[in-house]
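Everything on this sheet refers to the single structure shown next.
What you see is a predicted model; the values in this text were computed from it and never measured.
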Amino acid sequence: VWVRWVMNRFMINDYAGECLALLFLAWFSAEDIRDRRLSLTELSGSLLLGMLYLTLTGGLDDGKLFYRMLPGLFLILLAYLTSEQVGYGDGLAVLILGCFLGAGKCAAVCGTAFMLSGLFTTGKICLKKEEPVPFLPFLLGALEVVLFVE
């Protein structure tokens, strides 16, 4: 209770979540570019960190955990329906991102990332390059855009 009061008193909730989300996406974007896959162990550790953040900030008490994770659940369903054209790791990363940002901001980041990756992929198609494109760097760029606009 004391930790929540201190965090609320100094308005650390939103800023801490945004900083953690930026660090999380920067780390996993580099991994996605380098290896074209994400470590399930590291994603699990990040999910635990996200749950710890929600516990400390009172995010588990507001009854909106499902809504926070809805964009990630949508991407996981999309990965299943498209035979992994969108990877399961991308969906898990967005699921974790929802812990740090909340549903609204996470959905805004995902929408912006889809637009950015769509523009980039259209350019690659015009140049006749058909290699897979990692999605997490677009999520990182989209988060920066959303935070800048906010």
Evaluate salt bridge (charged side-chain N to carboxylate O under 4.0 Å, His left out) for Lys124 paired with Glu130, printing each intermediate quantity in order.
-> CA-CA 7 Å; Lys124 286 187 71 146; Glu130 296 188 19; over 6 Å; no
Go through the steps for Met115 and Val145 under the test side chain to side chain contact (heavy atoms under 4.5 Å, CB included), then give the verdict.
-> CA-CA 12 Å; Met115 287 189 291; Val145 168; over 6 Å; no
Shared ILVMFWY cluster between [X] and [Y], side chains joined below 4.5 angstrom?
{"X": "Leu48", "Y": "Leu40", "value": "no"}
{"X": "Leu136", "Y": "Leu23", "value": "no"}
{"X": "Leu38", "Y": "Leu73", "value": "yes"}
{"X": "Val109", "Y": "Leu119", "value": "no"}

For residues [X] and [Y], report the shortest heavy-atom separation together with the two atoms involved.
{"X": "Leu116", "Y": "Gly141", "value": "CD1-C, 4.3 Å"}
{"X": "Pro71", "Y": "Ala107", "value": "CG-N, 4.2 Å"}
{"X": "Leu101", "Y": "Ala21", "value": "CD2-CB, 3.9 Å"}
{"X": "Glu42", "Y": "Trp27", "value": "OE1-NE1, 3.1 Å"}

Charged N-O contact under 4.0 Å between Lys105 and Glu150 | yes
Approximate separation, where rounding is to 0.5 Å, of [X] [atom1] and [Y] [atom2]:
{"X": "Leu97", "Y": "Phe24", "atom1": "CG", "atom2": "CZ", "value": "6.5 Å"}
{"X": "Leu20", "Y": "Leu25", "atom1": "CG", "atom2": "CG", "value": "11.0 Å"}
{"X": "Leu95", "Y": "Ser46", "atom1": "CG", "atom2": "OG", "value": "11.5 Å"}

Pick out which of Tyr80, Phe135, Tyr88 makes a side chain to side chain contact (heavy atoms under 4.5 Å, CB included) with Leu75.
-> Phe135
Do [X] and [Y] have side chains that approach each other closer than 4.5 Å (heavy atoms only, starting at C-beta)?
{"X": "Asp90", "Y": "Asp32", "value": "yes"}
{"X": "Lys129", "Y": "Thr121", "value": "no"}
{"X": "Phe28", "Y": "Leu140", "value": "no"}
{"X": "Leu49", "Y": "Tyr53", "value": "no"}
{"X": "Leu54", "Y": "Phe100", "value": "no"}
{"X": "Ser39", "Y": "Glu31", "value": "yes"}
{"X": "Cys99", "Y": "Met69", "value": "yes"}
{"X": "Leu92", "Y": "Ile76", "value": "yes"}

For Phe74, does the CZ atom sit with more than 12 other heavy atoms under 6.0 Å from it, leaving out its own atoms?
-> no
Got a sec: does the CZ of Phe114 have more than 12 other heavy atoms crowding it under 6.0 Å?
->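 Enclosed.
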Go through Cys110 and Leu139 one step at a time and tell me if the side chain to side chain contact (heavy atoms under 4.5 Å, CB included) criterion holds.
-> CA-CA 7 Å; Cys110 286; Leu139 276 175; 4.3 Å; yes
Counting N and O atoms only, with roles assigned by atom type, does the side chain of Ser117 sit under 3.5 Å from a partner on the main chain of Phe138, one being a donor and the other an acceptor?
->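 Not at all, since once roles are kept as given, no pair shorter than 3.5 Å links the two residues.
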Please answer whether the main-chain N or O of Pro132 pairs with a side-chain N or O of Arg36 as donor and acceptor at a distance below 3.5 Å.
-> yes
Carefully, step by step, assess Leu147 and Leu22 under the rule side chain to side chain contact (heavy atoms under 4.5 Å, CB included).
-> CA-CA 10 Å; Leu147 292 177; Leu22 283 168; 3.9 Å; yes
Report the C-alpha separation of Gln85 and Leu78 in whole Å, then their side-chain angles, then the decisive distance to 0.1 Å, and conclude whether the side chain to side chain contact (heavy atoms under 4.5 Å, CB included) test is met.
-> CA-CA 8 Å; Gln85 293 295 314; Leu78 194 62; over 6 Å; no
